[in-house]
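This report concerns only the one structure given below.
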Amino acid sequence: MSATVVGQSVPRLAGRDLVTGRAVYTADMRWPGMLYARTKRSDYAHALIKRIEVEEAARLPGVAAVLTAEDIPGENSMGIIIMDHQLLARERVRYRGENLALVVGDKEVLDEALELIRVEYEPLPVVLDPLEALAEGAPRIHERGNLTWECHLVKGDVEAAFARCDVVVEGTYRTGFQEHAYLEPEAVVAVPEAGGRVTIYCGCQTPFHIRSIVARALGVPFTSVRVVQATTGGSFGGKDEVDAEMGALAALAALRTGRPVMINHTREEAVMGASVRHAAIIRHRTGATRDGRILARDVDVVLDGGAYSSLSPFVAVKALAHSAGPYDVPNVRARVRVAYTNKTYAGACRGFGVPQVTFAAERQMDELARELGMDRMELRLKNAVRVGSSTAFGQVLRAGVGLEETIRQAAAVAGWKERRAGTGSGGRVRRGIGMACMMQGVSNGAEGVDAVGAFCQLAPDGSVLVGCGLADMGQGANTVFAQIASQILGVPLERVRVRAVDTDHTPDSGPTVASRATTMGGRAVAMAAEKARDKVVEMAASMLEVAPADLDLRDGMVVVKDAPDRAVPLAQVVNALYWTGQPINFEAWSKAPDARFDEQTHQGDIYVEFGYGTHVMEVEVDTETGKVTILRHVAAHDVGKAINRQAVEGQIEGGSLMGIGLGLLEEIKYDERGNLLNPNFTDYLVPTSADAPDTEPVIVEDPGAWGPFGAKGVGEFPVSAAAAALANAVSDALGVPVRQLPVSPEYVLDLLSSQGQEPRA
Amino acid sequence: MKAPLYLRPRSLQEALEALGEPGARPLAGGTDLVLLMRDRLVRPSLLVDISCLEELRRVERDADGLRIGAACRLVDLEAHPLVPPVLRSACRQVGTPQVRNVATVGGNVCNASPAGDTIPPLLSLDAVAEVRSAAGSRSVPLDRFFLGPKKTVLAPGELVVEFRIPGAALGRGGCFQKIGRRSEVVIAQVNAAATVELDERGALAAVRVALGSVAPTPLRCRLAEEKLTGRPPAGEAVEEAARAVLESISPISDVRAPASYRLRVAAVLTRRALAGALREVGVKDL
Amino acid sequence: MSGAGDRVWLNMVVNGRPVQVSVRPDARLIDVLRDDLGLTGTKEGCSRGECGACTVLLDGEAVNSCLVLALKAEGREVLTIEGLARDGQLHPLQEAFLRHGAVQCGYCTPGMILAAKALLDRHPHPTREEIRRGLSGNLCRCTGYKKIVDAVEEVARGGVRP
């Protein structure tokens, strides 16, 4: 292996299509005879449906069909563990904006047709607060009650440990609903095919899950449905359940009308009719010795899961596992409960429960440091996990634990020691600096089996096609896969192509989630490429009459290591394989060790790999208006191995800004009747280029044992550390603990006046 | 649904006659109207595109003061040398660069959003809306133009053709202040404009304080203006004015800000706007 | 132009080529570009002029094609992302976006590049802050903007633009 494609900054594989407007996203697809569809959405957050009248809408010229729950031939449900989510509401709606009926027809008539659908409701009491939802006697949102999920973690003896602590800090922390806000609103096209099959095209990250939900709804075998991933305009965990729902409805309409049907969400629908990040209420207590050794953490989390369970059970477990932060804490007790409320459902969102609990844990670190009179970085270094440490869930970390290095490097780049002087004092504008650390388990972990299939096809001209079951939704996974194959096969990158995910052709590898694409998918691609390489080397050895071990692959040639003039083009070797009837397609299956843990205490080996990070942020706070301005942001991440440096930087910079949005700006808001108040980019504000800091990424490479070339993933990790570092920096500036995200200006002013520090007015 | 007709009039007279038709709506930049049509909140039967009328796109200085055509785009005003800086600064802060390339000052005013950014500066400049219809014309001082959120004194068929700023207002120092949740591209939680001049004794004269997003309409705070008029330009007077503002406003809580925040920030922005306006007339330190 | 029926003729120049298309008077420019002319490089992200994904240049100025009625383009020049590269030669901004990793999912990219072009055409040498403000009408959720600003800054410094 002499090529050095891995580790380089390589432009996106399909980048030229993206910058020229040629890339085809779902909404760009045009099929002959294609119809459009849109759903009628509920006007109430919680109500019984007495009647839905669709006849008038169905009679409108241009309308091909109007479908309600009665028209679903198969299962009218979706979910991951709990199938509680209706595709079209049947008897009851549980959030404002829930689907009631689907209008299918010409694009121009849909809005008018929707207005002609009459719905009679019997309103029910609305439950919006997760704590109220869990209280005795609360109105029931589901028959199974309002507790979506509950899980516990027990390590050591927390009460005994607290009794030995010199210092204990405690606080309650809150975070809000965050919208994914990918720029491409969800869209699907369902195309009826011969033999009763249907093909779904959509931007997505969980194609096999979508296939199963669509097939169940249609009442057909899974293999009658084909899901093809279109160019995907961002996902961040979001294009999952909602695409299953839209896919099922579009497929239903396509089979009913015999024509291709597109459903393309408006931005409003993308906010109100698709999952969001769980809001959280976290009570966190930390106890330590006088010299700063943390002995115990006790964490109680309530997540607001909205109206349906979606991925709540898994988010709960991930939050549980990470609730004590990236520290070696001998005694931990944690509980996570998810409550149903009459709001848009919460699901997967970049970070998957970790940003919320990291915010609480990292605020506690600063509050503890303050009590102890200790430097915040020193406290973190003292307790940081290292090789040999045991996590809160009792997994001993064996290798590649780069947290300490991220702390040291982030602090060095940001000038922690110098810049922390003189913060928090002063006049109208106060400066503050904050640090936050994170760790996150990579891949599925406690969520079940973790395996990825990949293939590598050699073509007779020496070009290569690879693919696996994991999706590139904008993060650049395909480029990484190509780099890995290019490196292993010694084929120039421009001669490697990557196949998009297609349930007919790529192996079911589970969802593209949990920062697993590079670590899991990349490993599988590497294995398939290595199989191909072995076969090529075997054939070339016989052609060149040398031992296989003497051969090297580079620049599209198979070369004798010690005699570079003796070489044979890869194309020639592949031809030889082909004409001797040998395989030139290679498949590989990479399966991670199963998670083994106790379901009651969540103690065991859960994750195959971990990512670590430390952010330092400097802010300025205007004490008159409460406005926070970010002055500097350094984000250090241990990614094991950066296969594509530029792409890793892009993940750190982009993930950080999502964390900054969570920390500073973004929150979905409801009125007391459960109406979503900001389902648009006018009032749901994500950071613009004018708000974004020039995040300085620092890449630490402490290789992991599992992923290709030691890679450990990165996609989700920056979110949690950025949000927590921001909260810590603002707390430092104000001298008052921030305990809620986003840190809105009104909250800053409230904090100041609670301390009698408000300057004037 | 039936599509509206579209008219590109060749003259103001033709536009006014067309606007007399029932269901007719003037279309300038369209950045608000297109949204209203998309959301099916208005369904005009005739769109009269006034953006092409040259007489509505002029900025002219005359003996009485400054005339700003209602169809002037925000992007043109934000850099126009004749336009007072207090208004230019507000034009620069409306929406996105793309929106400012099409949106007009007349549209921003006639949309009558309580948060419209160009309105407090125009109020602080004693602007008068020149209103025309097929039947005649009238002049409406801008502080009597707004009736409530999205409501103005305009009758069907009436069109604002220009804003007149009296010459006396053009020499004042002025400053626009805005606060929103984001630094750019944001609807104001509160905005404020102040203009001032100093009389021959160095006392404050012709003080104007106008705020937006703190009441059903943008408004002038006369109480605050009175607190300042005739007094020396000092911090104490400005403080009093800032407090007086709070008595004139009645902010609500909405998705953009709680009322309590608007109250607190209204005072801050008033102070900052006054300080900025005073800096323009040479008062550096309060 | 005034129309008597449901649809009227619109004449404009798109990417250098004159086109005539029959449109509803309330059609937005984005709909005509995408649905009637098949120029789907222009993306719809929010339909409210907040995200900038639908940015096109109208007589050289950046506008949100979701907020502009198509008939406003009568007799004018529209440039969409499809018209930026000439004879297969990418525009320097397109090259710079690729080289700097300023593209992730790509959905904001066409609008972002056109907004950047309009900015540089007007201010050939903006500061980093001016670039950030100048692109504030174009949201990106993937990159954190830094690499986008880097790309535009490089083109501005290079000063080589057709």
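Letters go in sequence order (proteins before strands), and every chain restarts at 1. None of these values were measured; they are calculated from a predicted model.
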Residue part contacting chain B, namely of [X], when any heavy atom lies under 4.5 Å:
X	answer
A/Asn680	neither
A/Glu115	side chain
A/Leu60	neither
A/Ser744	both
A/Asp750	both

message: If you count every heavy atom of other residues, nucleotides or ligands that lies below 6.0 Å from A/Phe681 atom CZ, does the total exceed 12?
response: yes

message: Can you confirm whether A/Arg174 is buried at CZ, in the sense that more than 12 heavy atoms of other residues, nucleotides or ligands lie under 6.0 Å from that atom?
response: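 Check fails, neighbour count at 12 or below.
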
To the nearest 0.5 angstrom, please state how far the [atom1] atom of [X] sits from the [atom2] atom of [Y].
X	Y	atom1	atom2	value
A/Glu268	B/Asp39	CD	CG	6.5 Å
B/Ile187	A/Asp683	CD1	CG	5.5 Å
A/Asp622	B/Ile179	CG	CD1	7.0 Å

query: At a heavy-atom separation under 4.5 Å, does B/Arg256 approach chain A through its side chain, its backbone, both, or neither?
result: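 It is the side chain, since no backbone atom gets that close.
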
task: Could you tell me which portion of B/Val186 (side chain, backbone, both or neither) has an atom closer than 4.5 angstrom to a non-hydrogen atom of chain A?
output: side chain

field: Pair B/Arg264 + A/Glu746: basic N to acidic O under 4.0 Å
entry: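 A salt bridge is absent here (no side-chain N lies under 4.0 Å from a carboxylate O).
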
message: Can you tell me which residue among A/Asp691, A/Thr688, A/Thr629 is in a side-chain hydrogen bond (donor to acceptor under 3.5 Å, both in side chains) with B/Ser183?
response: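 The single option meeting the side-chain hydrogen bond (donor to acceptor under 3.5 Å, both in side chains) with B/Ser183 is A/Asp691.
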
For [X] and [Y], which heavy atoms make the closest approach, and how far apart are they?
X	Y	value
A/Arg428	B/Arg272	NH1-NH2, 2.5 Å
B/Arg181	A/Leu665	O-CD2, 3.1 Å
A/Thr625	B/Tyr261	O-OH, 2.5 Å
B/Arg182	A/Val686	NH1-O, 2.6 Å

message: Counting heavy-atom pairs under 4.5 Å with chain A, which one of B/Gln189, B/Glu184, B/Arg243, B/Arg38 comes out on top?
response: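 Winner by heavy-atom pair count: B/Arg38.
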
